[in-house]
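In what follows, a structure is listed as structure tokens, so that the remarks can point back to it.
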Amino acid sequence: PETTEQTAREEQNTNREQSVETEQSTGTQQSGTETTRRVTVICIDPGHGGESQGTHYVYDDKEIEEKNINYYMACKLKSYLEEYPGIKVVIDRGENEDPEFETRIGFAKENKADYIVSLHVNSKSRDDIEPSGCMAITTRSHYQAPDAVNNDIYTSSSDMATSILSQLNNLGIKITTDWNANTTGGILRRKGNGTYPDGSSCDYYGLIRNATYAGIPAVIIEHAFLSNESDYRKYLSSNSKLDALAMADCKGIVQYLNSR
């Protein structure tokens, strides 16, 4: 999108160190006669950044880079979520930064994040196919870190992913057939090397693996395929279309939080 970087800078002139905390709560806990307000902290991770373009394709004589799409959506998602009482939002990188996975997860942990939502657009996994649609990636393990933020990282990340995917489906984006995600509810849980302390297999994707070690539920959302021209034209080719994706993410997150 032609104005992605400019608009993101205008709307997000603060960097990842700044966030706005809402005044009320998505839920309350009773303690005697007093009500304790609880704020849910969402860490948004715009995938790639800096020298890491992510996937990139040329449309209408212009190179479209995933990193810019991700950052724009992150800024919009932050503004949408902050309209809801009880949600605090932080973004783990600046516009031209590409922190290591450990740094991104460390930032989330320092900010006491309850969830990490990583925003991406997809690219076909093989040259002989032309997939379209959305999918999500979550942990394959039931490992619970000693200081995990909740008592079931596996289920909480899966449930949030499902809720977001349902909102993307409402926009007309179907679950992709790539990685056979259409047979698993749209969620990819890919096995990596090594094991977690409980002996279960590690996750393949670095962000998910590091978040699981840190005890924070994390979801990677692959909104649509930049490698597919139809997906690009329908869902990624303008700021208004990216706004719609960010709003769908927001609705899915809030729907999940309200269902807990």
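We count residues from 1, following the sequence as given.
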Between Tyr232 and Tyr57, is the gap from one ring center to the other below 6.0 Å?
-> no
Is the CD atom of Glu63 crowded by more than 12 outside heavy atoms at less than 6.0 Å?
-> yes
Is Lys234 atom NZ crowded by more than 12 heavy atoms from other residues, nucleotides or ligands, each under 6.0 Å away?
-> no
Heavy atoms of other groups near Asp61 CG, more than 12 under 6.0 Å | no
What residues form a side-chain hydrogen bond (donor to acceptor under 3.5 Å, both in side chains) with His142, not counting sequence neighbours?
-> none
Answer yes or no: is there an ion pair linking Arg126 with Asp128, defined by an N-O contact shorter than 4.0 Å?
-> yes
In a check of side chain to side chain contact (heavy atoms under 4.5 Å, CB included) between Leu119 and each of Glu222, Met73, His48, which one passes?
-> Met73
Inspect the contact between Asp98 and Arg104 and indicate whether a charged nitrogen and a carboxylate oxygen are less than 4.0 angstrom apart.
-> yes
Just wondering, do Lys191 and Tyr204 contact through their side chains at under 4.5 Å, heavy atoms?
-> no
Greater than 12 external heavy atoms within 6.0 Å of Lys109's NZ | yes
Is the closest basic N to carboxylate O distance between Glu82 and Lys78 below 4.0 Å?
-> yes
Flag if over 12 foreign heavy atoms under 6.0 Å of CZ, Phe101 | no
Is the Tyr115-Tyr256 ring centre distance short of 6.0 angstrom?
-> yes
Under 6.0 Å from the CG atom of Asn193, do we count more than 12 heavy atoms belonging to anything else shown?
-> no
